[in-house]
Amino acid sequence: MNYHSYFGIDAEAVECCIVGTGGFGRSFLAQSLKTPLLSTRIAVDLKAGTAAEVLCGLGIDHAKIALCNTVAEARAAWDNGLFIATGDISIVLELPIAVVVEATGHPEAGARHARLAIDAGKHVALVSKEVDSVVGPGLSLRARRNNVIVTPVDGDQPSLLMGLITWAEVLGLEIVSAGKASEYDIVFDPALGTLNSNGKVIEVPEFAEWIEPANFETSVVAAKRAGIASALPQRAVPDLCELTLVANAMGFQVDRSDLHAPIARISEVADFFSPQTSGGLLKAQKTLDVFHCLRLPGEVSFAGGVFVTVRCDDAPTWQMLAEKGHVVSRKGDIAMLYIPRHLLGVEAATSILEVGLRGVSSGAAEPQPVIDLVAHADADIAAGTILTASGHHHSIVNVSARMVPAARLSQEAPVPFYLAANRKLKRPVLAGQPILCGDVDLDESSELLTLRRQQDEAFF
């Protein structure tokens, strides 16, 4: 089915601008060049040359790319049908683009880009979950007041999970939990007695007896596997961050602030994410969580996909579905339904077309601040320490994240993780304690902080 008939709209291509050309941004650019009804002629990065190099690497003739440093240069390049590479989003916002795709992953820069785009009357596809976790509901409200939309993007786990949840709700299924696989599988090699996750290999021959445990009590299995694999990371800030977005869109809560995060085989997910009364880990219903996909070499991966567990309210129906290979718990009362993929920028075009052609978000129409992603000290941290965020996961040494009920910023409130990132501690924090706003030397000139305070005024 072509895009015209799929969307029921015969329209000109949606013009959009990608901000941030690494990772997600590059894959989106590559796919957008092939996607009907989508035109992406503008690329923004820290330097115009960087954006131009990415465009060239995707096969765009260098002669058709203009490096633009002023509004006038951008307008001339646009009128001449050229691709535009720039280091400043503000110089292209007067052009007739409909959607700005913010994919920098940088909390402060992303906040500025989103605010500028909204105020210029552009829809925003907000890929940068770091920004969304702090001020997503506020940006959405700001957009509605400007008659535009902020949307998450398909291809990333939050949007895919929101879609799966709403699909299950439309069908009338009773959702017990919802969640996602962590970014990297945990692979056990029986021949070598090793676990491998994201290139880190540990020798744990004793893990073999916990691949298919004879006595499957979920709490025992989860604790034993986690203990044996303790040398591998089992909590990642991005996982909690992405589920924070889902909580704010769908109103779901968490069963524990750092999640259960069991190491589980695909066939076991329904068992782990069942209520405790059914033998699972969960005390509450409609909760969010993550699992680490455990598999043997050569076995299929969950591929960073998303899932819901639902109550099996008609035994014959679910017995039939179990016989067809669907994942049903050992008790037969909970089933796991899932999407075994997230294709990043390759898939994002569906959200861009939804917002650009139909004026519809891939997430909630009016997200609310339900959960805050906050900073938590894992060791004693001295006053004066810079909470430097680094690496692919934006991790901070001796600091992890928790998902707690959202609240207005105050001196005694836990500080949002990405407001604390790269800031100095004003006073020491003990291991096991939340890091409070009053503990951190917050940057009063921060765009992210300003937007968060505006969000607090609107919702609290």
Side-chain angles (χ1 to χ4, degrees), residues 17 19-20 44 88-90 93 99-153 156 158 237-238 240-242 244-249 355 361 363-375 387 389 394 401 403-411 413-423 435-438 440-460:
C17 159
V19 188
V44 184
D88 185 354
I89 189 176
S90 66
L93 288 176
V99 184
V100 170
V101 184
E102 210 304 316
T104 63
H106 190 285
E108 190 62 34
R112 173 179 176 270
H113 298 151
R115 194 263 303 166
L116 286 173
I118 290 167
D119 291 353
K122 313 298 183 184
H123 299 303
V124 175
L126 189 54
V127 183
S128 296
K129 56 185 175 286
E130 300 83 358
V131 177
D132 205 339
S133 71
V134 182
V135 295
L139 287 174
S140 179
L141 177 60
R142 189 185 193 100
R144 294 195 300 277
R145 290 172 174 171
N146 281 272
N147 297 312
V148 291
I149 293 168
V150 174
T151 182
V153 289
D156 230 3
V237 175
L240 280 76
C241 183
E242 292 185 331
T244 296
L245 275 52
V246 179
N248 292 341
V355 73
S361 171
E366 298 184 11
Q368 304 290 311
V370 174
I371 291 288
D372 271 333
L373 181 79
V374 299
L387 302 177
H394 306 285
M403 294 173 66
V404 302
R408 178 191 286 267
L409 297 185
S410 71
Q411 290 294 298
V415 65
F417 189 92
Y418 292 108
L419 278 180
N422 301 312
R423 304 308 305 162
I435 300 175
L436 307 180
C437 291
V440 181
D441 184 15
L442 296 175
D443 178 7
E444 292 300 323
S445 66
S446 160
E447 181 109 25
L448 189 65
L449 179 59
T450 298
L451 289 172
R452 175 52 189 254
R453 286 178 173 156
Q454 292 171 357
Q455 174 176 295
D456 287 350
E457 288 299 317
F459 289 98
F460 295 109

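Here the structure is a predicted model, which means the values were calculated and not measured.
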Ignoring hydrogens and angles, tell me if any N or O in the side chain of [X] forms a donor-acceptor pair with the backbone of [Y] under 3.5 Å.
X	Y	result
Arg452	Val134	yes
His123	Ile149	yes
Ser410	Ala413	yes
Glu108	Glu447	yes
Asp456	Leu409	yes
Ser361	Thr151	no
Asp372	Val374	no

From [X] atom [atom1] to [Y] atom [atom2], the distance as rounded to the nearest 0.5 Å:
X	Y	atom1	atom2	result
Phe417	Leu387	CZ	CG	8.5 Å
Arg423	Leu449	CZ	CG	9.5 Å
Gln455	Leu141	CD	CG	9.0 Å
Arg115	Leu139	CZ	CG	10.5 Å
Glu130	Leu373	CD	CG	10.0 Å
Ser128	Glu102	OG	CD	3.5 Å

Do you know the tightest heavy-atom contact between [X] and [Y]?
X	Y	answer
Asn422	Ala389	OD1-N, 3.0 Å
Ala143	Val150	CB-CG2, 3.7 Å
Cys241	Tyr418	SG-CE1, 3.9 Å
Ala120	Leu93	CB-CB, 4.0 Å
Ala249	Ala364	O-CB, 3.3 Å

Check Leu116, Val100, Val148, Asn146 against Lys122 for a side-chain contact (heavy atoms from CB on, under 4.5 Å) and give me the one that passes.
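That would be Val100.
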Applying side chain to side chain donor-acceptor pair (under 3.5 Å), which residue pairs with at least one partner in residues 132-143 are found, sequence neighbours left out?
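Checked against side chain to side chain donor-acceptor pair (under 3.5 Å) - neighbours excluded - the pairs reaching residues 132-143 are Asp119-Arg142, Ser140-Arg144, Arg142-Gln454.
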Within-4.5 Å side-chain heavy-atom neighbours: [X] and [Y]:
X	Y	answer
Leu245	Ile371	no
Val440	Ile435	yes
Pro238	Lys129	yes
His113	His106	no

Sequence neighbours left out, what passes salt bridge (charged side-chain N to carboxylate O under 4.0 Å, His left out) with Asp156? Give chain and number order.
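With sequence neighbours excluded, Asp156 shows a salt bridge (charged side-chain N to carboxylate O under 4.0 Å, His left out) to no residue whatsoever.
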Partners of Val370 by side chain to side chain contact (heavy atoms under 4.5 Å, CB included), sequence neighbours excluded?
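Residues passing side chain to side chain contact (heavy atoms under 4.5 Å, CB included) with Val370: Asn248, Gln253, Gln368.
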Pair Cys17-Val99, side-chain contact (heavy atoms from CB on, under 4.5 Å): steps then yes or no
CA-CA 6 Å; Cys17 159; Val99 184; over 6 Å; no
Yes or no on side-chain hydrogen bond (donor to acceptor under 3.5 Å, both in side chains) for Thr244 and Glu242, after CA distance, side-chain angles and deciding distance?
CA-CA 5 Å; Thr244 296; Glu242 292 185 331; over 6 Å; no
Would Leu419 and Leu448 count as a side-chain contact (heavy atoms from CB on, under 4.5 Å) here? Give the steps.
CA-CA 7 Å; Leu419 278 180; Leu448 189 65; 3.8 Å; yes
Evaluate Val131 against Thr104 for side-chain contact (heavy atoms from CB on, under 4.5 Å), listing each step before the verdict.
CA-CA 10 Å; Val131 177; Thr104 63; 6.0 Å; no
